[in-house]
Structures are given as structure tokens and as C-alpha cells.
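Reviewing the structure listed below.
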Amino acid sequence: MNAQVRHPGSTALRRRVDPSALLTLLAGDEPGRLLHVHEVPARQARHADWPEWTDPALLAALLGQGIERPWSHQVAVAEAAHAGGHVVVSTGTASGKSLGYHLPLLSDLIAGTAAPNGRGATALYLSPTKALAADQLARIDALALPGVRAATYDGDTPTDERRWIRDHANLVLTNPDLVHHGLLPGHERWASFLRALRYVVIDECHVYRGVFGAHLAAVLRRLRRVAARYRAEPTFVFASATVADPEEHASRLLGMPLTAVTEDGSPRGAMTFALWEPPIVQGEDGEPKRISTLTETGSLLARCAEADVQTVAFARSRAGVEVVARIARERASGSLEARIAAYRGGYLPEERRELESSLRTRELVGLAATNALELGVDVSGLDAVLLAGWPGTLASLWQQAGRAGRTGERSLALFVADDDPLDTFVVHHPEAIFGRGVEATVVDPDNPHVLGPHLAAAAAELPLTVEDEAYFGPGMRPLLDRLVAGGVLKRRPRGWFWARHDRPTDHLSLRGAGEPVRIIESRTGRVVGTVDEASSHAQVHTGAVHLHQGQTWVITELDLADSAAFAVRGDPGWTTHARSVSDFEIVGELEHRDWGPLRCSFGRVRVRTQVTSFLRRLPSGEVLGEHPLDLPARTLDTKGIWWTLPVDELESVGIDEVSIPGAAHAAEHASIGMLPLFATADRWDIGGVSTDLHPDTGLPTILVYDGHPGGAGFAERGYRRALEWLGATRDAIASCECEAGCPSCIQSPKCGNGNEPLDKARAVALLDLTLRHALAHAGA
Ligand SMILES: [Zn+2]
Ligand SMILES: [Zn+2]
């Protein structure tokens, strides 16, 4: 069959190639790039009987859809929830997780129609995106069940429809933001819905991690408390992609124990999962350079299309999707060009359905997409999946890989490493992906910076009393004292009351802290997007060239007072890089470990960062000039992990005083890049500072901190897993074949110091020194 496949550009007759044979072919053509092949065995289906309490109309509808018997995990979830037990289901993509909660939920809703008001039972379904809620609604509508009145409720729902939903719907599909901004503050208007509330489903719950997870945890506590006011005690069902510890994660979100269903009873075809690293080649300027992941993925997509292997390639950004699709079209032969498309998310439902259908008919053979496709478009049963760079978490990796595989046939998933220490590490250490789950989801429900404002919101919903500690934990009382001192709440004999005239939820967004900075097109006044307040100084300072959804903008003015950045469209031909200075203060060490002469600490820190200037750079890297900026310093009170290394110890491993800054800086960059593998963070959620002499410790010190006020739990996870994390960091640097450091190991795209100084060899020596002492004192 090999003879049928030609290099891109050929017009040979195509014939579908077995996906794993295709891999052999690709690897043969590009030696050295395929680093690992892992075989995921096929799984046999395990069925169970329909629960005998299943409503007959529901059963008939499901049988009518061709579902003859449920899978074992679906029944396990259904039985647990029907018995009133909180439950989390964590099984593979396309394993039919929703049927598990549909059985009890829809059965109860139908039974509830016999109540005097026709609404004896209600349910709330929460998803992180509107598209997913719309999909759920379509699935439930398709069952055409008598008495089930389901509706989506989001920011776009018209006012009159909202009223109908509140008064009549028995299944409301919405998102946590709306529960926070609408349902809870206006709970009186939802009284009859809340009184009958039987189930709350939290779909895609692995998405709620870090600060977003802490927000969801607070919203769920507020919901439980308000529901209790209406004498409702709903059963919570969480659905998640495969994560390391779904029970721990979901129970932290909920604040109550629950059971986990993880034995997947659905059948799965065998999958070949391969790890691929783009090679280093001679660049145009004669310097060695790694081929970009997007270019590599684009040409792999073309090769798959050539072999008639239907493939989706996932890239992390919309701009990345464009690049992958463009390269694939360029490299595929003429007639195939039209059968390769880009999907950027944010499409209308009709457009999405059209896309699904052209994939089903194989009219499309190649598709480049962001992970927006993960939510909102039903694409499964493809032949192959390409992943351009680490998708953020192991859960997403498996979820995206799971898009491949039609019944009974072998599929292919190919991970293409990006220029990043984490990517470098995982392709050289496949056990990080295929071994025991290295990453558990991080949520810190007690973060006072998150919990405080939610307590204010809760007090506005219903006055708080000491009993509410049962929901909000022991952190509640000190935070209430602070809110009273700040004039936000009033303490009265009957509890804590909201003391102001506005609504607390108006000032609190679940998705990020602070007021976002709007990017405004100067000519039209149109808001084209937003940037986090925290990153605005570095990204949209006056003079910045800013890439927004694949378009280039030049910022003409950053107006801090008005949280606005004015921009004009256009590409000046150079890029800009903000330069900044950072330092930090140790506010309080919470824990530490002595590693012989080294000390590793976790605690509260105050990080001060000031963006001072920016560089203009040509695509070749040549610097056109440096331009000073007059921006105020920002301080961030957060949590961090830091470790100190005595100068004589460093000296003993060949790091003399002048090389300390380069070694520490490089180790800091790489360790930031590696932390997401252990802490489900994004690289952008974490920051770092290194110094050869810290005023508080008197020693060379490396700090890695959470980039969110109050911390997000990432640095703490790094502290708990320090040995593995720093070991992986060391290996990522050492296994990179570059000479003196590159973006795959020690260079960071967000360095405020222009990636200087960096010392690759001595960073490895510094980490070896750290690990030697840490290992010798492990457990001590
Ligand atoms: Zn490198
Ligand atoms: Zn740096």
C-alpha cells in the first residue's frame, strides 16, 4: 500500500491507508522525529441492565434511538445519583457520560409533572460554555419526552423568555457565571424552581481548576446554601474527562464527599499514540533553529490527507489553526486543497452542523481546529488526531486524542512537541503521559481573595450566620471580620448583612481578577477584545504590536485610568517585547524543608513588577531599538515556592559568582515551564524571579509563584511534588539537543529580561546540586 502514498504535491491516486501503517511511513520519511510509540489496547464493551425505575417513556425514547442496553458505568452513575448520592463520572471521550445522569434526572422530571404545579422536580445543568449547553439541549429535545421542559439560559436569553424559564422550565441548562450573576442574587424569583431542585449536573468539571476552580467551588457552596433556604438538597453529578483523581477534584469543588465512577464500560478501538519532535535545522541566518510545531503539524496534516486518513489537527490558538491549515493546503496536492479546512470556534450552530456533516461524508479529510472544537462540535470517529503542542492538561490531551477512532478500527494520535520545556520533557519521557497520571487537578477553595468577595455575595443573598461555616469552612470568620472592617458587610445580632446599595456580584467576575483592559479600535470606537489587567502592561502598552485572534494591532495609547488600550489595525513589520524588572519580598514562610545546606520554602510573597521599556524586533531577531515606558509598578500578593542555595555550594559544582545569575535564571524559566505538568496550570498562570542575593534570605534564591492574588494552588503543588518537578525540569534541559539554550528548554517567551543572562550547562549543574541534597534529605 505504501506505493500509493506520495509526498505532498504528487497527484497519485489516493487510497485509504491504515493509520498506524501511515505512522511507519511518516517515520521512515522523516527519521529521528518519531520518539515513542505507545499502543492503547482495544476495550470490550461491558453492558448492564436498565435500572428498573427508568421512566417508560424515557426508556422507549432511548430504545428508539438505538440504545439497546446501557454500559456499566452509565448504570453505576444512574444508580448512585438516583439513590441521592453525589457522584463524579470520569471516563473516556464519547463514552456516553450524559446517559448516566439523564436516566435519574429525566425520570424524576417526568414523574414530577404529576405534582400540583406540574413541576415537582427540577434540575440544573452547568457547562463551561454556551455551545455545550446548546448541544445538551439538542440531545434532550431529540428524546421528545412528555413533560420535560428544558431551556438554555444565558446572557443572550431575551427577558420575556427568561421569565418563562424561571416559572415553567424544569431543566435549565446554563453556566456557572449565570448562576453567580443571575440565579443566586435573584433567588426569590427562582423560588419555585429552587424548591423542587433535585439534581445539579456539572459537566466538563476538569475545566474548573486554579482560580476558576476556586470560583466554581464558592458558587456551588452559595447554591447549596440558597437551595437549603428553599428546603432543597439537590444531588450533584460531576462529569469529567479522564483526570488523575476525579474524586478528590470533584469533592474539593463540592465541599462534600462523593463517589467516583471510573470503570469505563464503553468499547474502544485500539489506538496508536505516538510522540513526535520537530527537528533542528539550519535557519536562513545560518543559526540552528527548530522547525516550528505549526509548520510540522501542517505538513503532517497534508501527508495524512494525501493518504486519505481523515484527520483533525488541534492547535492551541486561532492564529495557530490558520497557520496549520494554510501549510497543509500548500503542501497537499491540488484537488485536496479544498478538502482541508480551518475551524476557529465561535461559529453559528448551523455552521457547526454543516461542518459535522462534511466530516461525516468525508467531504472534508483534514481539519485544523482549536480546542474550541472540544466543546460544541461533535467530531468523533476520525482516523487520526494531530496535537500541535501540549494542550494544557493530560485530561485535554486524552480528550483530544479520543476524537480519533471509529468502531473496531485502529486509530492514530500523534503529539507534536512545541518549543517548550514541558513538551520536550514529555516526548523524551513517555511515562509522563502513559504511566500513572502525574497531574492532579489543583483547586484551592479557601483562597481568601476568591472566597472573600463570594462571602459578600452570599451575605447579599441571605444574611450569613455562624452556621454557614458548614458551607464556607473555618476561613469564613476572619474574612467576615475583614469585610465588616471594610464597610462591605454590617454585623447585626442576627448575622452579617450586605451593607451597600449595589450588588456585590456586579463587581466580581468568575473568570479572572480585576477589571479587564478593553482593546478599542481608535477609528470606530469598537471594542475588539480584552486583556487581563495583570498582563496589560506587558501586552498592550503604548507602542505594543499586539496579536489578537490572528490579527495584528498597534496600540497607540494605553489609558490605565479608563482600562482602555486604543489600537489601529496593521502590521508594522516588527514585533515588540516588553522589558520589566521584578523583585519580591517574603511575607511569611508557611512551610519549609531543609535540604542539607539548601532550604526549600512555601509561603506568602509580595512580587513587585514594573514594565520599564519595550524592544522592537524584526522577524530575524534584529533589535531596532529600545523605548522607555512610564508605567507604575504592580504588586501582587500571592503564594510561592522558593529555594536558596549557598554560594560555596554553587562554587563546588562549578558555578562561580558571576555565573550564578545565568544558572538561576535558566533554572527558573525551565521550572516555570515544567510546573503545568504537575499542577494543571497554564504557563501564563505562573511567574518567577531569581536573584543571586535576596535581601530576605541573604542567599541566591529562586522563586516560582502563582500569578493570581492570594495564589491559585499551583506553587503549593510544586512544593509538594518538588523532587519530581525539579527532576523533570533538570531532564528537560539536559535532553534538549540545542547548544546554549533555546525555547524548548530555558528560553521563555514572557521573560522581562530578554532571556538574558541564561546559562544552560550551569542550570543543569544547579538543579543536580539541588536534587542531590533534596534526595539525601527526602522524608527528613
Ligand atoms: Zn534547548
Ligand atoms: Zn526571565
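For the numbers below, each heavy atom of this structure counts, side chains included, while hydrogens, waters and symmetry mates do not. In listed order, ligands and their atoms are each counted from 1.
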Fill in the blank from the handout: Only residue of H541, E626, R579, H577 satisfying side chain to side chain donor-acceptor pair (under 3.5 Å) with S613 is E626
Any heavy-atom pair between the side chains of [Y] and [X] that's under 4.5 Å?
X	Y	result
V653	D768	no
W725	Y719	no
V647	L693	no

Exercise for the section: Show the numbers, then the answer: is there a side chain to side chain contact (heavy atoms under 4.5 Å, CB included) between K639 and L590? Expected result: CA-CA 10 Å; K639 288 184 183 145; L590 297 170; 4.2 Å; yes
Handout entry: Side-chain ion pair, D583 and R608, N-O less than 4.0 Å
Key =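 Salt bridge present between D583 and R608.
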Practice task
Just the protein N/O/S atoms under 2.8 Å from the Zn ion (ligand 1), please, no waters.
Solution key: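 Under 2.8 Å from the Zn ion (ligand 1) - ignoring waters, which are not counted - the protein N, O or S atoms are C736 SG, C738 SG, C742 SG, C745 SG.
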Problem - ring pair (Phe, Tyr, Trp, His ring centres under 6.0 Å) partners of residues 627-647, not counting sequence neighbours, each pair once - result: F614-H627
Exercise for the section: Using the test side chain to side chain donor-acceptor pair (under 3.5 Å), find all partners of D692 that sit at least two apart in sequence or belong to another chain. Expected result: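 Applying side chain to side chain donor-acceptor pair (under 3.5 Å) to D692 gives none.
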Problem - Within 45° cone of W574 ring axis and under 6.0 Å: R617 NZ or CZ - result: no
Exercise for the section: Provide the protein N, O or S atoms situated under 2.8 Å from the Zn ion (ligand 2); waters are not included. Expected result: H665 NE2, H669 NE2, C751 SG
